[in-house]
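First up is the structure itself, then whatever we jot down about it.
The basis for the numbers below is simple: all heavy atoms, side chains too, and nothing from hydrogens, waters or symmetry mates. Chain A is the first sequence line, chain B the second, and so forth, proteins listed ahead of strands; every chain is numbered from 1.
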There are 2 protein chains.
Amino acid sequence: MARTQGAQTANAIAEVAASLFNEHGYEATSLRQIASEVGIQVGSLYNHIDGKNELLHNIMVGILDDLLDAIRNATAAGTDPVSRLVLALDCHIRFHALRSRDVFIGNSELRSLPPENRADVINRRDAYEEILRDLVSDVVHATGADPLDVRLQTYAILAIGTHVSSWYRPDGDMSLDDVVAGYTRVILRQLGIEEFGMRVGITTA
Amino acid sequence: MARTQGAQTANAIAEVAASLFNEHGYEATSLRQIASEVGIQVGSLYNHIDGKNELLHNIMVGILDDLLDAIRNATAAGTDPVSRLVLALDCHIRFHALRSRDVFIGNSELRSLPPENRADVINRRDAYEEILRDLVSDVVHATGADPLDVRLQTYAILAIGTHVSSWYRPDGDMSLDDVVAGYTRVILRQLGIEEFGMRVGITTA
DNA sequence: GAGACTCACTAGCGTACGTTCGTATGTAAC
DNA sequence: GTTACATACGAACGTACGCTAGTGAGTCTC
């Protein structure tokens, strides 16, 4: 056993760690549990990681990098502010629903990261928030809508994403398409641009 | 030292525990830390509690009982569905902002409760969600507004509350009154009853 | 085939944890 | 003043933790 198993084992460790962190929390998960579910001994973990904390750090930075990539790619296809926002909301909600495990870890385990590693996460989180705020801001300027309060509106969108990741289940009684369409309507209306949404294919049926 | 210190010490333990759970998380907080901040020895804690988990359970049940009491009292003064909802939103947002420490514990440490104690918390949480949903539902029926989706609307309100508890700071650059007024306008608009809100004193200035 | 490298094993290190116990001390009740 | 109780202390329990170190088996390179 050598040379070829490395990548697979490393992958399995990361997956198992994420599942256990999600289920019991970082502090309540032991390396012995992780090793046991992977099917190796505790000591062997250290052939693949530097320590327990690296597992958490990788998950948190990874999920935020993926989220930033996703929203940038999603909005690139938009031809005007409203369609860019609609594309962003689609991405935002789907991402949080489908990757709820890692999103939840990212949102709940910041305090388990040693302070020197927190900036990596906080900077990415701030960057995402800024992207959303700019999208909202652009829509407001382009449409002349009254946004009430851009900051609170942006927070509301962020909150919906986080919340979706905590209740949405693929086998629940609401399809992901319905969740996306429903929340998109709600958000466009709360921004005061319900009628602009219709022009890009969002209906209030 | 006897007979009279009991209640004060018990109180101090609960307060210190909540602060440390909020800061580091339940699992990462040791009874030795708690005892040390209270100014007693570890063993002495057991004159006041049955075990570490009781501390968490009391916080979680307590905050939800307070929240349920608050929303019931707040809405009692409402004379019609819209004003009841507005009163509820005021209470909802203020409560989450002002009691963010315990709210955060309640929202993030459910998995640290042993399964047999979770029902206490989940039942209260469900009860709160039902109260909000009924308020939304009543408003819709009374005003004839198109709610888009009552469930998603209710979730959005819940999400805003949870999110507020994570960012609002009394010394931040937005007053609590502004947060409440701002979010109330956003929520009334997303429900499609912006104009009804004005009748009960919410302005979109 | 020899050497280098990968990756797993086993055993054990020092430390911290939640909890229990016996004891001491101060206060209240009678 | 005696009795009973509330409350604190200090020491110790068994267990689990993250992590390290030494070793051996398999595999790739040349």
(message) Given C:dC7, D:dC9, C:dC9, identify the nucleotide with an atom nearest to the side chain of A:Q41.
(response) C:dC9
(request) Indicate whether OP1 or OP2 belonging to C:dT6 is found under 4.0 Å from a side-chain N or O atom of A:H48. (result) no
(request) Sequence neighbours left out, what passes side-chain hydrogen bond (donor to acceptor under 3.5 Å, both in side chains) with B:D90? Give chain and number order. (result) B:R94
Close N or O pairs between protein and nucleotides 17-20 of chain D (under 3.5 Å):
residue, atom, partner, partner atom, Å
D:dC17, OP1, A:S30, OG, 3.2
D:dG18, OP1, A:T29, O, 3.4
D:dG18, OP1, A:K52, NZ, 3.0
D:dG18, OP2, A:L31, N, 2.9
D:dG18, N7, A:R32, NH1, 2.8
D:dG18, O6, A:R32, NH2, 3.1
D:dC19, OP2, A:Y46, OH, 2.7
D:dC19, OP2, A:K52, N, 2.9
D:dC19, O5', A:Y46, OH, 3.0

(message) Using C1' atoms of five pairs at each end, report the bend of the helix from C:dG1-D:dC30 to C:dC30-D:dG1 rounded to 10 degrees.
(response) 20°
(request) Would you mind checking if B:D126 and B:R133 are paired as a salt bridge, meaning a charged N to carboxylate O distance below 4.0 Å? (result) no
(request) Return no unless some side-chain N or O of A:T9 is found under 4.0 Å from OP1 or OP2 of C:dC7. (result) no
(message) Tell me the closest heavy-atom pair linking B:V179 and B:W167, and the distance in Å.
(response) CG2-CH2, 3.8 Å
(request) Would you kindly give the CD-to-P distance between B:E54 and C:dT19, to the nearest whole Å? (result) 10 Å
(message) Determine whether a donor-acceptor pair (one donor, one acceptor, N or O, separation below 3.5 Å) exists between the side chain of B:N47 and the base of D:dA8.
(response) yes
(request) List for me each residue that meets side-chain hydrogen bond (donor to acceptor under 3.5 Å, both in side chains) alongside A:D120, sequence neighbours excluded, and say none if there are none. (result) A:H57
(request) Kindly write out the residues that satisfy salt bridge (charged side-chain N to carboxylate O under 4.0 Å, His left out) with A:D69, not counting sequence neighbours, or none if the list is empty. (result) none
(message) Using every non-hydrogen atom in the two residues, find where A:E109 and B:R111 come nearest and quote the distance to one decimal.
(response) OE2-NH2, 2.9 Å
(request) Rounded off to whole Å, could you give me the CD1-to-P distance for the B:I13 and D:dT7 pair? (result) 10 Å
(request) Go through the structure and list residues passing salt bridge (charged side-chain N to carboxylate O under 4.0 Å, His left out) with A:D66, not counting sequence neighbours. (result) A:R99
(request) Find the distance A:I40:CD1 to C:dC7:C1' and express it as a whole number of Å. (result) 9 Å
(message) What is the distance, to the nearest angstrom, from the CG atom on B:L45 to the C1' atom on C:dT20?
(response) 13 Å
(request) Quick one: sort the A:H96 and A:Y128 rings into parallel, tilted or perpendicular, breaks at 30° and 60°. (result) tilted
(request) Examine the side chains of A:Y26 and A:N53 and answer whether a donor and an acceptor come within less than 3.5 Å of each other. (result) yes
